[in-house]
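For reference, the structure discussed in these notes is given below.
Note that these values count all heavy atoms, side chains included, but never hydrogens, waters or copies made by symmetry. Numbering of ligands and ligand atoms starts at 1, following listing order. Being a predicted model, the structure only gives us computed values, none of them experimental.
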Amino acid sequence: MRVLVTGGAGFVGSHLVDAHVARGDEVVVVDDLSTGRLQNIEAHVSEGRVRFLEGKAEDPAVIEPAFDGVELVYHLAAAVGVFQILAHPLASIRTNLDASSAVFERASARGIRTLFTSTSEVYGKNVSDALNEDDDTIYGSTRVHRWLYAVSKATDEFLALAHHQELGLPVTVVRLFNTTGPRQTGAYGMVVPRFVRQAIEGKPLTVYGDGGQLRCFTNVHDVVAALMALTAAPAAIGAVVNVGNPREISIRDLAALVCEIVGSNSPVELVDYESAYGKGFEDMRRRVPDVSRLRRLIGFVPTTPLEDTIKEIARGIAPGR
Ligand code: UDP
């Protein structure tokens, strides 16, 4: 099978590429390398298992040839990480909306099975016990740039579902809950690789706010297995599905856990949100997935313990690198 992965040089994308290559598929990757890294897929490219097209998914000169002979599309290319969104709001909106239009339009015209990765951010300030796919989304003011990520991804979801409804696109929308694992960089804000690196280097662990905010961290290998299973599930067509590990942990407890696993004496440094992200930032207090729909569709849910994921990330980070 020939598979197209937009954003395939990125963190989640490159693990997905690995899994498809291991299955014997031919993979086409479109990535502009804005946050993705060629080294993530370099070995496959030099072995001729992956065809790499560098450029933006919204550029017709890139996306048109990328669709050649493709039977399955994963659309992952997007602006990544809170730091990136706050620093480049305009480019982030354009990337998220234009790339999705370009991909969905072509996939619809050819009737190709498509999976779009959205995010748990779309729930916004909804702090329900277990967020269900049909729950309300609650956003803050348009003057707070953080919400543009949630709103642009939610708009992408509308786009995907409209293509499904009106043009018959066989698409599944997936909401990822804090995916983490090896190859994820802390440079764009992601907390787990940041804490692991800080702990290994003996630096203070920068806990933002009071550290009482709760998240569910999901191992990237679990995510890849779930994405692949969803594309093979006809009942997932036209559905929105949470993909996450429902175990929740506060950021303060995460810092302690990382230090314990890495064997580090690093202190915790509480950093106020304004110093971390600039004025007017709003964080989300809590984000826990209801994974009953995922379990119904594919028969399993992410369960890799966070402790194992932290060890895996630590193995990939050598001190001083
Ligand atoms: N965070 C933190 N220290 C850091 C980076 C992030 O305390 O060095 C916090 C961040 O404010 C948020 C949580 O960790 O409450 C998860 O942040 P991340 O950017 O990984 O994902 P988010 O859930 O915000 O998309």
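Contact annotation: the side chain of Tyr208 never approaches that of Asp283 to less than 4.5 Å [non-hydrogen atoms, C-beta and beyond]. Using a 4.5 Å heavy-atom threshold, the side chains of Ser141 and Trp147 count as separate.
Checking Val196, Asn219, Asp222, Ile261 one by one against Thr309, the side-chain contact (heavy atoms from CB on, under 4.5 Å) holds for a single residue, Asn219.
For atom 3 (N) of ligand 1, the closest non-hydrogen atom on the protein side is Thr206 O, 2.6 Å.
The residue from Tyr208, Tyr273, Phe281 that puts a heavy atom closest to atom 7 (O) of ligand 1 is Tyr208. Of the listed residues (Arg287, Met284, Arg197, Arg286), the one carrying the non-hydrogen atom nearest atom 22 (P) of ligand 1 is Arg287.
At least one heavy atom of Arg146 sits closer than 4.0 Å to an atom of ligand 1.
Every N/O-N/O distance between Phe195 and ligand 1 stays at or above 3.5 Å. Between Gln198 and ligand 1, a contact under 3.5 Å exists for no N or O pair.
If you look at Val191 next to ligand 1, the close heavy atoms, those under 4.0 Å, come from the backbone and the side chain alike.
Side-chain rings of Phe217 and Phe177 stay apart, their centers remaining 6.0 Å or farther from each other.
Between the OG atom of Ser46 and the CD1 atom of Ile41 there is a distance of 10.0 Å, given to the nearest 0.5 Å.
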